[in-house]
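A short write-up of the structure that comes next.
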Amino acid sequence: MNGQLHIREAVLALPSRPVRADLLCEGHRIVAIGRELEAAADAVVYSARGLTLGPGFIDAHVHGGGGHSFFTDDPASVTAYAVWAPRHGVTAFLVSTLGSQPEETEAVLRGLRPAIGGSGAEPLGFHLEGPFINPACRGAFHRRMLRSPARDEYWRYHEAAGGLIRQVTFAPELPGALDLSAAIVVSGALAAIGHTDATAVEARRGFDAGARHVTHLFNAMRIPHHREGGATVAALLEPNVSCELICDGAHVAPDVLRMAFRLLGPNRTVVVTDNLHLAGTDAVEGRLDGEEVQVSGAKAVRSDGTIVGSLATMDEHFRNAMDFLAIDAGAAFRLCATNPARVVGALDRKGSLERGKDADLVLLDGERQVVATVCRGVLMWNSDPGRLS
Ligand SMILES: [Zn+2]
């Protein structure tokens, strides 16, 4: 769609307050927001009366969904996910992946690279979750996948990814981790602490070495104790550090999420799904890295009970964020779109409803279900074709 898309009479979920207005897209951008806008005669008109319009969700931590996995070197998997994800309101994401050996990780990054920037929900780059993480907090990852921090190895990944790594999760307490952190920052990626047994002191060393983000706070981290708060408490108290929260209600209890949100506030909280390929499918079991996993409510678990990923889709996370954190839609869009855009380095063109930004939009009904999703000006999901003219 290269012409205009005119969305009429939506309720815009702006951070300050909801406002009834039209929104006009031309090409891939938002060109105007206001009341009773004039559009070209051949504009596609979408009647959004009674719907809430917000910036499309950005999932900064996701391994797949709809049956499509990012643990592969086949870019068709990412492309297929990008077409599927808009039904859950997702308009952009980071490809979170890792191989089981360094050569495989390089092959995965090199293989998936052509998918970055493709159509549909936009793949913005890579999140390397490991391999420089603590075996004691490995979560879903196999021991054989994990490595001691090594700057040279990281630069090889950077090279294989064509400079498109946007986030790297590492454990700051491992030998060589602080050098690695500095290299991550120099490469232009976000250094993120996660899968870590760090004490609060060790976590602060990581922050001093440039880490500015924490991967799924609480999960795969040392359990906070009142005499040793670990990386969790250190992160909550660090004003310049953002934290991912998995809001599926299974990974972290809703009241613990609410407590974390009180400390993090609306600018440091980033809602992520950590979805596996099984998310959004009817599967009751599946395979992850050769091992059988069972679906149990909103999560997938290994036979030993370890949670290996969330299955609640991004729109469910949005609704949960509103309910668990007791916030309105405008605030929830901040957590599910604006803050993720900032942490992945795309806030200049995504993450909010503003003139000049990418036309990445989601329309929700009164039940907060996704009715339509627009990715860079293209209507990618529309559950109610009667609204188009
Ligand atoms: Zn993950």
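Atoms within a ligand are numbered from 1 in the order they appear, just like the ligands themselves. All heavy atoms count here, side chains included; hydrogens, waters and symmetry mates do not. Bear in mind the structure is a predicted one, so any value in this text is a computation, not a measurement.
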Ring center gap for Phe333 and Phe318 short of 6.0 angstrom: yes
Neighbour count above 12 (heavy atom, 6.0 Å) for Glu228 CD: yes
N, O or S atom within Asp274 nearest to the Zn ion (ligand 1), by name: OD1
Sidechain-backbone polar pair: Thr105 side chain, Leu98 backbone, donor-acceptor under 3.5 Å: no
Glu173/Thr196 under side-chain hydrogen bond (donor to acceptor under 3.5 Å, both in side chains): CA gap, chis, key distance, verdict: CA-CA 7 Å; Glu173 70 277 19; Thr196 171; 2.8 Å; yes
His61 near the Zn ion (ligand 1): N/O/S under 2.8 Å: yes
N, O or S of His63 under 2.8 Å from the Zn ion (ligand 1): yes
Residue Glu129 atom name (nearest to the Zn ion (ligand 1); N/O/S): OE1
